[in-house]
Amino acid sequence: MDGLVSDLQTLVRQPSVSAKNTGLVQCANLMAGMMHKAGIRSEVLYLDDKSVPPIVYGEVRSKSNPDKTLLFYNHYDVQPEEPLELWDDEPFSAIVKDGKVFGRGSADDKGELITRIKAVEYYLKATGDVPCNVKFMVEGEEEIGSVHVEQYLKKYRKKLACDGVIWEFGYVDAKDRPIVSLGMKGLLYVELVAKGPSRDAHSSLAVLIENPAWRLVSALKALRDPSGRILVKDWYKDVRSFTRQELAVIAKEPFDDKEFKKEYGISKFVANARGMDVKKALVGMPTCNIAGLISGYTGPGAKTVLPAEATVKIDFRLVPDMMPDKQLVRLRKYLKEKGFGDIKVRLIHGEAAARTPISDPFVKKVEEAAKEAFGSAVLSVSAAGTGPMYSFVKVLKAPCISVGSTHMFARIHSPNEFARIDLLNKCTKCIGRIIEKFAA
């Protein structure tokens, strides 16, 4: 595809790290210019609070079919590049090696975005039109929880109105088959803080002063059993059961457990899960994960200290019908009932889950397009990760489906992230076919 690699390199070479608030406006303007060059009318839009990173809006009105609209949702922000010492090349160099573009954001999410722009550009150059109306919404805060995406959706609801949404990414499995995913899990991200003495103390005083780290460890042990089951009262009460149709799709979905274990250097799964249980867990079971644990001295050598404070960050993955605010109330109540009312629970981020029904006509069109472009495709009930899909469904009232070019082992969020050029090209063709089929 003309200019695909060079345009991706241009985007990757513009750092846009939302966690550091660096390069976001510059990248938004660069993106708007790239869209304009491709023939897509673009705008950089803000909320009333101009300190919030802008979104890039793009639109092409169809002359032949102005009554059907497809929206592409993407993001231009990327994860922090650290740890720098683990990169083989500069993180934002966008160097091409072995048929891959390396660099932070090359796959997540700038590579995905480029395939969508190029698909639209192809139609405009070849026919002077697009099969249906096409819109773009590209945000700059996805990697920090899409904090303001719902505000943007509500403020620009009319501008963003559509009949279907292609989500910001899609995985390609180890056998180069795109995974057409119909949902995203939700998230409850919290921080728990246990307080001890008014200041760090000598560790010899551990016979008299309760260590907040031990206090926190005891609380954590009460949250989850060794099998991974969450022990918070009524935690699973609102979990939506799989439909028969969803169970049938899950059963057919391929999963190479040996390849997965090899990639991550593990010998077994949680609770020694096997077969159908592994696949059901990935697409539709809640989790309780310790994302970070900090207390006392963690530097080189020894320091005999009794810390004044202990902190843990926990992410709970949620599934459809589990609402973050309701789960947070349950968590706080449970900890208090278990005698841990002194531990502070601070909400960092909450996002509900969303899932498009398999019976929606949009599903078949995307699946057919993916099979035509890649040769075969895998249908999945939901991705294991989280995104603001629920906000799109709630505000725009449109079904959302994920499909894309990101190889499942593309090292996203890690050093040496890459996008495979052959998959980018196939995905561009896939997006073109989706636009065609959606217009029919």
Kindly write out the residues that satisfy ring pair (Phe, Tyr, Trp, His ring centres under 6.0 Å) with [X], not counting sequence neighbours, or none if the list is empty.
| X | answer |
| --- | --- |
| Tyr76 | none |
| Phe72 | Phe136 |
| Phe260 | Phe255, Tyr264, Phe269 |
| Trp87 | none |

Step by step, work out the side chain to side chain contact (heavy atoms under 4.5 Å, CB included) result for Val130 and Lys63. CA-CA 8 Å; Val130 283; Lys63 301 167 190 173; over 6 Å; no

Side chain to side chain donor-acceptor pair (under 3.5 Å) with [X]: which residues, sequence neighbours excluded?
| X | value |
| --- | --- |
| Lys155 | Asp48 |
| Glu368 | none |
| Asp49 | Ser51 |

Value rounded to 0.5 Å, distance of [atom1] in [X] from [atom2] in [Y]:
| X | Y | atom1 | atom2 | answer |
| --- | --- | --- | --- | --- |
| Tyr390 | Leu318 | OH | CG | 12.0 Å |
| Thr115 | Leu4 | OG1 | CG | 7.5 Å |
| Phe316 | Ile230 | CZ | CD1 | 6.0 Å |
| Ile114 | Leu8 | CD1 | CG | 6.0 Å |
| Asp67 | Asn133 | CG | CG | 8.0 Å |
| Met323 | Asp238 | CE | CG | 9.5 Å |

Run the side-chain donor-acceptor check on residues 93-104: report pairs under 3.5 Å with partners two or more places apart or on a different chain.
| residue | atom | partner | partner atom | Å |
| --- | --- | --- | --- | --- |
| Ser93 | OG | Glu90 | O | 2.8 |
| Lys97 | NZ | Asp89 | OD2 | 2.8 |
| Arg104 | NE | Gln79 | O | 3.3 |
| Arg104 | NE | Pro80 | O | 3.2 |
| Arg104 | NH1 | Ser414 | O | 3.0 |
| Arg104 | NH1 | Glu417 | OE1 | 2.7 |
| Arg104 | NH2 | Pro80 | O | 3.3 |
| Arg104 | NH2 | Ser414 | O | 3.3 |

Taking C-beta and beyond as the side chain, do [X] and [Y] meet within less than 4.5 Å on heavy atoms?
| X | Y | result |
| --- | --- | --- |
| Met389 | Ser402 | yes |
| Tyr73 | Glu142 | yes |
| Glu143 | Asp108 | yes |
| Ile55 | Val138 | no |
| Asp321 | Val239 | no |
| Lys313 | Val190 | no |
| Val25 | Pro53 | no |
| Tyr189 | Glu351 | no |

What is the minimum heavy-atom distance between [X] and [Y], and which atoms define it?
| X | Y | result |
| --- | --- | --- |
| Phe242 | Glu246 | CA-OE1, 3.4 Å |
| Ile314 | Leu223 | CD1-CD1, 3.8 Å |
| Lys221 | Leu231 | O-CD1, 4.3 Å |
| Leu71 | Leu396 | CD2-CD1, 3.8 Å |
| Leu47 | His148 | CD1-CB, 3.8 Å |
| Ser106 | Val12 | CA-CG2, 3.8 Å |

Under the side-chain contact (heavy atoms from CB on, under 4.5 Å) test, residues paired with Lys159 that sit two or more places apart: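 Only Glu43, Leu45, Tyr57, Tyr156 meet the side-chain contact (heavy atoms from CB on, under 4.5 Å) criterion with Lys159.
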
The test is side-chain hydrogen bond (donor to acceptor under 3.5 Å, both in side chains); show your working for Thr127 and Asp129 and say whether it passes. CA-CA 5 Å; Thr127 69; Asp129 195 14; over 6 Å; no

Looking at [X] and [Y], does any basic side-chain N land under 4.0 Å from a carboxylate oxygen?
| X | Y | answer |
| --- | --- | --- |
| Glu191 | Arg346 | yes |
| Lys426 | Asp176 | no |
| Lys397 | Asp163 | no |

Arg420 and Ser405: side-chain donor and acceptor closer than 3.5 Å? no

Is there a donor in the side chain of Thr406 and an acceptor in the side chain of Glu112, or the other way round, less than 3.5 Å apart?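 Yes.
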
With a 6.0 Å cut-off on the ring centroids, do Tyr171 and Phe169 count as close?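 Aromatic pair counts; centres sit under 6.0 Å.
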
Begin with the C-alpha distance, continue with both residues' side-chain angles, and end with the deciding distance and a verdict on side-chain hydrogen bond (donor to acceptor under 3.5 Å, both in side chains) for Asn74 and Arg116. CA-CA 9 Å; Asn74 286 90; Arg116 293 148 191 220; 3.2 Å; yes

Inter- and intrachain pairs under side chain to side chain donor-acceptor pair (under 3.5 Å), touching residues 6-26, at least two apart: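 For residues 6-26: Asp7-Lys118, Ser16-Lys110, Ser18-Asp77, Lys20-Glu81, Lys20-Glu82.
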
Step by step, work out the side-chain hydrogen bond (donor to acceptor under 3.5 Å, both in side chains) result for Glu139 and Ser146. CA-CA 8 Å; Glu139 67 151 320; Ser146 298; 2.6 Å; yes

For the NZ atom on Lys37, are there more than 12 heavy atoms of other groups (residues, nucleotides or ligands in this structure) within a distance under 6.0 Å?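 Not buried by this count: 12 neighbours or fewer within 6.0 Å.
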
Using modelled atom types and a 3.5 Å cut-off, is there a donor and acceptor pairing between side-chain atoms of [X] and backbone atoms of [Y]?
| X | Y | result |
| --- | --- | --- |
| Ser295 | Pro307 | no |
| Ser380 | Ser382 | yes |
| Lys135 | Gly58 | no |
| Asn289 | Asp315 | no |

Hey, can you pull the donor-acceptor pairs under 3.5 Å for the side chains in residues 430-440, sequence neighbours left out?
| residue | atom | partner | partner atom | Å |
| --- | --- | --- | --- | --- |
| Arg433 | NE | Glu372 | OE1 | 3.3 |
| Glu436 | OE2 | Tyr123 | OH | 2.5 |
| Lys437 | NZ | Glu372 | OE2 | 2.8 |

Could you pull out all donor-acceptor pairs under 3.5 Å where a side-chain atom in residues 177-187 meets a protein atom, sequence neighbours excluded?
| residue | atom | partner | partner atom | Å |
| --- | --- | --- | --- | --- |
| Arg177 | NE | Asp173 | OD2 | 2.8 |
| Arg177 | NH2 | Asp173 | OD2 | 3.0 |
| Ser181 | OG | Gly183 | O | 3.4 |
| Ser181 | OG | Ala383 | N | 2.9 |
| Lys185 | NZ | Ala281 | O | 3.0 |
| Lys185 | NZ | Leu282 | O | 3.2 |
| Lys185 | NZ | Met285 | O | 2.7 |

